[in-house]
Every structure is written in C-alpha cells, then in structure tokens.
Amino acid sequence: MPLNGRQIQSLIRIHRNKNRVERTHWDRWRSWYLSEYWSSESDSPSGSENLYSTNEDINIETNYPYAYIDTMIANICPTNPQVTVMARNDQLRDSARFREALINDTFRRNKLHRQLWKTATNGSICGRGFIKTLWSFNKRSVEFVVVDPRYIFFDLTAQKWEDIRYLVEVTILTKDEFKKRTKRKGKKGATYNAKVAEKANFGGFPSWLKDQVRSDTSVGQASQQVYDWVTVYEVYDFTGDGRYYHVLEDQEVPLFEGQLPYRYVRNPFSMLTFNDNMTNLGGVSDVKLISSIQERLNEIDTLELWHAHSSNPVLMVNTGLVDNPEQIITALRDATQPGSMIQLMGKANAPIRDLIGQTPVPTLTPSFQVMRERCTQIIEFILGIPAYSRGVVGVADVATEVALADTSTRTRNGRRIKSVEDTVSSLGRNTIGLYEEFLDQSTTLPLRLTGSREVLEATRESLALEDSRPDYEHPMDYDYDAVP
C-alpha cells in the first residue's frame with residue numbers, strides 16, 4: 001500500500017528531528033577534515049580552538065582525518081573506473097561487448113573517478129555516501145551526481161539497500177525554479193499542482209541544512225543569502241509498484257504524484273558505506289572512531305606549544321642596585337644587534353649577576369611525550385595507516401617489515417575496495433537500464449573503447465535492449481563486474 005500524505009509528513013518530521021545530532025557531528029568532523037577546528041567556545045573540545053579566533057590563541061592540530069581519508073581514497077578508488085560485462089549466453093557476447101563499451105564510455109565522460117572520490121570522502125566522514133544516476137533529457141545521456149548525505153532520508157530498518165521501503169531527497173529550489181515547475185494556463189512542461197504551490201513559503205536558505213561550523217565564514221554560502229528559497233521533498237515510495245511524490249513541508253497534498261521516475265531503475269541512488277554500525281544501514285564514520293583521541297592529541301600539542309612560548313626567558317633588572325634603571329631597561333630592549341653594548345652603573349660594587357638576571361625556564365614533564373605517542377599509536381591502530389603509506393621515508397623498518405605492513409594494509413582495505421567495486425557495478429547496471437528506457441530506435445551512439453582509438457557505433461539492436469520487459473528486473477543474461 002503506498003504512503004499517504006500524513007505518513008509522508010510524519011517520516012519527514014521524524015527524520016529531521018532524529019538526524020539533528022548526526023548532522024551536528026558531521027559538520028564538526030568536516031571542519032576537522034579541513035583543519036578548521038572548533039573556536040574557543042564553552043562547548044568546544046580542549047586543544048581544538050580556532051587559531052584565528054583571537055590574537056591571543058596559540059593552538060596546534062594534527063589533521064589525522066585528512067591524512068587517513070586522502071591515503072584511503074588513493075588505495076581503494078580506481079583512477080579509471082571500468083566495468084566488464086560478461087554474457088552468460090553465447091548469442092549475447094557481441095551485445096555484451098557493446099554494453100561494456102557504453103558503460104565505460106559513460107563513466108569516462110562523466111569523470112566518474114571524481115564522483116567516487118567525493119562519495120568515498122562522504123562515506124568516511126559521515127558514515128555513508130550517495131551517488132544518484134539520472135537521465136539528462138537535454139544531453140540525452142546518463143549523468144552521475146553526488147548527493148550530500150545531509151539531504152537524504154531513507155528506511156534504516158531494511159536489511160539491505162535493495163529492500164528499503166522509502167527514500168526522501170531534500171531539494172532546495174529558488175523562487176524562479178519553483179515557478180517554472182508550477183502549472184499555469186497555457187504553460188507546457190510544468191508538473192506542480194498550482195493550488196498546492198500557492199501554499200509554498202519562500203524565505204532564506206533552511207537553517208537546518210546549513211553547515212553550522214562554516215556557514216558564516218564560507219564565501220560559497222553567498223548565494224544562500226541572495227535568493228528566496230523553498231524546500232521540496234522528493235519522496236520515493238518503493239512499496240508495491242512504487243510511487244513518486246514532490247511535497248512541501250507540512251502539506252499533506254503533494255505538489256506532484258506519479259509513478260517512479262524510471263521504469264527499469266527502481267532506485268536511482270547507490271549508497272557507499274565502509275563500516276557497519278551493527279544496528280542499521282547508516283554505517284559508521286571513520287572520524288567518529290578517533291574523535292575523542294583526536295581531541296586529546298590536539299590538547300596535548302597545544303599545551304606543549306604554550307609551554308614553548310612560556311619558556312622564553314624574560315630579562316630582569318634589580319633596580320635597587322643600579323643608579324640608571326630606566327636607561328638600562330631601554331638599552332636592553334634596544335640591544336638587538338651583534339656587538340651591542342649597554343652601560344651599567346651598579347651600587348656598592350654589586351656583581352653583575354646581582355644586577356641582571358632572567359626568569360627560570362619551566363620544565364616539561366616527560367609524561368607529555370609518552371601521552372602524545374600513546375594517542376598517536378591509538379589513532380594509527382584504529383585507522384591502520386602506517387607511516388610509509390603517507391610518503392614518510394627514513395624510518396628504521398626493514399624491507400620485510402614494510403612488505404608485511406603493506407600486505408596487512410591491503411588486506412584491511414579489501415572490504416572497502418569491494419564496496420567501491422559494488423558501487424561501480426550498480427552504476428553500470430543503472431546506466432544500461434536508463435539507456436534501455438530512453439534510447440531512441442533511430443539513435444546511433446559513437447562509443448570509444450578503453451585504451452584504444454577504435455570507435456564502436458551502438459544502437460538498440462547492437463546493445464540488445466528490449467522494448468518491453470518486467471519493470472525493475474535486471475536480466476540474468478549479463479554480469480556487470482567492476483575491474484579491480
């Protein structure tokens with residue numbers, strides 16, 4: 001049974017409220033990734049203040065989130081994503097070759113490697129990342145779009161991604177974009193119900209979607225303050241035959257209601273997760289696993305930096321034993337060049353050590369270094385990032401130890417590599433599904449083969465695209481495997 005208006009509004013309201021804490025954590029961890037740690041507010045972690053908040057702050061941070069994510073992406077994401085299409089029927093071998101060329105050519109034109117890098121970054125910071133496969137009617141081709149996890153609500157109770165019952169994508173439209181979609185007399189191509197559209201409330205960019213850490217300082221947020229915005233929720237109901245809605249907030253009557261957007265691609269979203277939270281499909285952030293230790297490490301580093309600043313000795317003049325204290329102080333302050341000399345007029349033949357001295361230098365307890373090494377070991381143990389993998393040379397490890405560590409790292413990344421490959425495979429299947437639905441019978445696609453100057457000309461016939469088959473069911477005649 002499809003969702004009704006009241007159920008849809010309840011789902012949106014519940015997800016917005018429940019995800020508030022999660023979105024706050026994501027904003028904090030993203031700022032850590034950018035080396036923009038929290039300012040010196042009451043709720044900020046010790047040792048993680050913003051260096052530029054005041055002129056008196058002296059802080060230092062060790063950016064393990066970026067170091068790990070950058071290294072991980074280089075190890076698990078292919079620089080040239082490809083899919084191999086294998087036909088299980090000998091009669092379909094030629095069409096499998098054309099399908100493989102179509103998928104890989106689509107990947108190359110969309111620069112899928114960049115989309116995977118960004119999705120993997122979201123997956124590591126937020127616990128999950130999303131890529132949306134869509135059909136561009138202007139370009140008449142498939143496109144891939146990375147969607148911010150903050151803008152996605154979905155059924156977390158499902159056992160696997162293919163079984164989710166609903167998905168909600170939050171879209172923010174300007175006033176002009178919204179009006180273009182609203183039905184008017186004599187207007188073609190509009191889809192929104194005019195009566196429901198009149199209830200739309202235009203205003204500033206939704207505060208609950210803004211980055212709570214960087215929104216006030218980022219130049220990229222300028223457009224949010226210029227336009228009038230409205231929030232539209234695109235709801236995918238996957239129960240039964242499936243339904244698709246566009247709804248406004250607190251309005252049970254939808255702006256638009258119809259069948260799911262694509263006939264052969266039931267769910268156009270692909271999700272990438274690296275860690276299982278043992279509760280639902282939401283995944284676990286890598287940064288969350290080290291957040292408390294990262295804060296303590298920043299605190300130790302900051303205290304050590306403060307110690308270095310406070311250890312600079314300060315000259316002292318015993319004014320009771322000299323006749324010209326003001327001149328001495330001025331001369332000491334100005335004596336900054338080699339060979340500078342000052343004149344002292346001491347009393348009662350006082351030795352110079354009694355006239356001029358310096359403040360004692362505080363000592364740093366040895367446990368600081370021990371604690372810092374311990375924090376570093378814990379972080380590197382949790383994340384599994386050996387020094388050599390980040391380009392560090394000159395360590396005392398022998399070649400055998402490095403080889404063993406490299407093998408261990410590859411084994412540990414095996415699950416992540418397979419998750420990326422599964423995502424690439426799903427994007428390949430979605431590509432074929434969209435072309436099967438929208439490619440014209442008379443269209444010929446020039447496809448460039450990977451690693452070759454040869455060009456194939458593909459048609460519906462050469463691709464063996466069927467004009468009719470059961471909706472959302474991928475034929476069992478082909479296997480779409482990502483190239484390792």
Side-chain angles (χ1 to χ4, degrees), residues 21 24-72 121 124-126 211-218 284-316 332-333 336 356-397:
V21 176
T24 302
H25 289 162
W26 290 350
D27 292 342
R28 175 184 293 187
W29 298 333
R30 283 176 174 177
S31 69
W32 291 11
Y33 173 80
L34 298 172
S35 287
E36 298 176 357
Y37 285 78
W38 285 60
S39 60
S40 53
E41 299 175 356
S42 58
D43 61 341
S44 63
S46 300
S48 298
E49 293 85 359
N50 184 356
L51 181 62
Y52 303 101
S53 59
T54 66
N55 293 330
E56 298 179 356
D57 282 344
I58 301 175
N59 305 287
I60 188 171
E61 304 93 14
T62 303
N63 194 342
Y64 269 104
Y66 176 81
Y68 169 71
I69 294 173
D70 181 64
T71 303
M72 176 200 67
T121 301
S124 185
I125 295 176
C126 304
D211 191 320
Q212 300 302 317
V213 176
R214 308 179 63 242
S215 59
D216 295 335
T217 59
S218 176
V284 177
S285 166
D286 289 316
V287 185
K288 179 180 180 180
L289 300 176
I290 64 167
S291 59
S292 60
I293 302 298
Q294 177 75 65
E295 292 173 4
R296 299 288 74 77
L297 179 60
N298 289 340
E299 180 182 7
I300 292 172
D301 286 343
T302 299
L303 290 175
E304 192 169 2
L305 181 61
W306 270 103
H307 175 267
H309 278 256
S310 61
S311 298
N312 294 326
V314 178
L315 288 176
M316 299 183 297
L332 288 173
R333 186 182 297 115
T336 58
I356 299 177
Q358 64 182 21
T359 55
V361 178
T363 59
L364 184 66
T365 172
S367 60
F368 262 78
Q369 185 64 24
V370 175
M371 289 186 294
R372 190 185 191 286
E373 291 180 356
R374 177 59 176 164
C375 290
T376 302
Q377 289 175 357
I378 292 175
I379 292 175
E380 294 185 350
F381 175 77
I382 293 175
L383 298 180
I385 45 175
Y388 76 89
S389 67
R390 303 190 304 278
V392 178
V393 296
V395 293
D397 299 328

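Heads up: numbering here begins at 1 and tracks the sequence.
Counting all heavy atoms, side chain and backbone alike, C375 lies closest to I293 at O-CG2, 3.5 Å.
For E373, the side chain to side chain donor-acceptor pair (under 3.5 Å) criterion is met by Q369, not counting sequence neighbours. For S285, the side chain to side chain contact (heavy atoms under 4.5 Å, CB included) test picks out W29, V287, K288, with sequence neighbours left out. Y66 meets the ring-ring contact (aromatic ring centres under 6.0 Å, His included) test with Y33; sequence neighbours excluded. Remark: T376 pairs with Y64, L297, R372, E380 by the side chain to side chain contact (heavy atoms under 4.5 Å, CB included) rule, at least two apart or across chains. C126 pairs by the side chain to side chain contact (heavy atoms under 4.5 Å, CB included) definition with W26, R30, P149, not counting sequence neighbours.
The distance from the CD1 atom of I125 to the CD1 atom of I69 is 4.0 Å, given to the nearest 0.5 Å. From I379, atom CD1 reaches atom CZ of R296 across 11.0 Å, with rounding to the nearest 0.5 Å. With rounding to the nearest 0.5 Å, the separation of CD1 in I378 from CZ in R374 is 4.0 Å.
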Candidate pair R28 and H25, rule side chain to side chain contact (heavy atoms under 4.5 Å, CB included), full reasoning: CA-CA 5 Å; R28 175 184 293 187; H25 289 162; 5.6 Å; no
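Between the side chain of S124 and the backbone N or O of D286, no donor-acceptor pair lies under 3.5 Å. A donor-acceptor contact shorter than 3.5 Å links the side chain of N298 to the backbone of T62.
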